[in-house]
Amino acid sequence: MRRALGPLLAAAALAVLPCALRAQNADEADSEPGHWSLDLPVRGYGISFGNSARFTGLRFNWSDAGLDRIAGINITLWKPEKPITGTVSGLAVGFAGPAAADLNGLLIGVGGVVAEHAIRGVALGGLGVVSQGRVDGISIAGLGVVAQGAMRGISLSGLGVVSQGGMTGFSLSGLGVVAQGSMAGVNLAGLGVVSQGSMSGIAVSGLGTVAQGSMKGLSVSGLASVAQGDMWGAHAGGLAIVAQGDMKGIELGGVATVAQGRIEGIAVGGVAVVAQGGITGISAAAVAVVSQGLVRGLTVAGYKVRAARVSGITIAGINLRTEGMSGLSVSAFNQIRGLQAGIAIGLLNFARRLQGIQIGLLNIAKNNPPPFRVLPIINAHFD
C-alpha cells in the first residue's frame, strides 16, 4: 500500500497541475494574485504545485506572483508577475529566471536572476543578474551583472558589471566594470574600469582606468590610468598616467606621466614627466622632465629639464634650466639662473652664483670677478 501511495499522489498532482496553472493565469487580471496550490503531504510543507505564497520544501510553479516566503527548492518556468515580492531561500531555478524581493542561496535562470531588494549567494543568469538593491556573493551572467546598491563578492559577465553603490571583491567583464561609489579589490575589464569614488586594489583595462577619487594599488591600462585625487602604488598606461593630486610609487606612462601635485618614487614618461609640485626619486623621459617645484634625486631627460630647483643627479641631453642646482648636473647647456652648489658638466655652463665647479668648453660664473667670470675648460668659486 505504501509503495502504491507515491505513484498515486504523483498522478493526482499531474492531473490537477493544469487546473492550477489555469487558475493562476485567470487571476493575472485581478488586483490580487491567486495562491491556489496543491501541497503534498500537508499545506505549507513537502511538495507544492502552484502559486503557493508560503512554502517549505520542493515547489513547482508556472509564474510566481505575490510571494511571501519560499524555502527549499523553487522551480518556475515563466517570468513573475509584478510587483515582485517575497523572499526565496535555497535553490531557485527558472527558465525565464527566479525573481523575488530577496533571493538567497543558489539562483539559476536561463534568462536572468532578478531581485527587487537583494541577491545573496550564487546567482547564474544566462543574460543578466539584476538587483534593485545589493548583490552579495558570486554572480555570473552572459551579458551583465547590475546592482542599484552595493556589490560585494565575485562578479563575472560578458559585457558589464555595474554597481550604483560601492564595489568590493573580484569583477571581470568583457567591456566595463563601473561603480558609482568606491571600488576595492580586483577589477578586470576589456575596455574600462571606472569608479565614481576612490579605487584601491588591482585594476586592469584594455583602454582606461578612471577614479573620481584617489587610486591606490596596481593599475594597468591600454591607454591611460587617471585619478581625480592622489595616486599611490604601481600604475602603467599605454599613453598616460594622470593624477589631479600627488603620485607616490611607480608610474609608467607610454607618452606622459602627469601630476597636478607632487611625484614621489619612480616616474617614467615616453615623452614627458610633469609635476606641478615637486618630484622626488627617479624620473626619466625621452623628451622632458618639468616641474614648478623642487626636482630631487636622479633625473634624466633626452632633451630638457625644467624645474624651479634641482637636487641630486640631473642629466639633460640639451638643456637644464633652473633657478637653483645642488649636486651634479650634466647637459649640453647647464643654465642655472640662481645658485649652483655642486658640479656642472656640459658644453656651456652658466651660473648666476657659483658655489662649486663648472667643467665645459665655456664656463660662466657671474659672481666671479674679471677675468675669472668667463673661462674655458673649468671654472670654480668657493666662498
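Here the structure is a predicted model, which means the values were calculated and not measured.
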Original post:
How close do Asn51 and Asp64 get, heavy atom to heavy atom, and via which atoms?
Top reply: OD1-CA, 3.6 Å
Original post:
Considering all heavy atoms of both residues, which atom of Val300 and which atom of Val289 are nearest to each other, and what is their separation?
Top reply: O-CG2, 3.7 Å
Original post:
Quick one: does Ser205's side chain have a donor or acceptor within less than 3.5 Å of a partner on Gly208's backbone?
Top reply: yes
Subject >> Among Leu188, Val145, Val161, Leu156, side chain to side chain contact (heavy atoms under 4.5 Å, CB included) partner for Ser173 >> reply: Val161
**OP:** Before accepting this row, confirm whether a basic side-chain N of the pair Asp102/Arg120 lies closer than 4.0 Å to the acidic partner's carboxylate O.
**Re:** yes
Original post:
Taking it one step at a time, do Arg262 and Asp246 satisfy salt bridge (charged side-chain N to carboxylate O under 4.0 Å, His left out)?
Top reply: CA-CA 5 Å; Arg262 295 182 53 81; Asp246 297 334; 6.0 Å; no
Original post:
Looking at Asn334, Thr314, Asn349, which one forms a side chain to side chain donor-acceptor pair (under 3.5 Å) with Ser329?
Top reply: Asn334
Subject >> Short side-chain donor-acceptor distance under 3.5 Å, Ser311 and Ser326 >> reply: yes
Original post:
Is there a donor-acceptor pair under 3.5 Å between the side chain of Thr322 and the backbone N or O of Ala308?
Top reply: yes
Original post:
Is there a donor-acceptor pair under 3.5 Å between the side chain of Ser291 and the backbone N or O of Gly293?
Top reply: yes
Original post:
Would you find a donor on one side and an acceptor on the other, under 3.5 Å apart, between the side chain of Gln196 and the backbone of Gly165?
Top reply: no
Original post:
Roughly how far, to the nearest 0.5 Å, is the NE2 atom of His381 from the CZ atom of Arg373?
Top reply: 11.0 Å
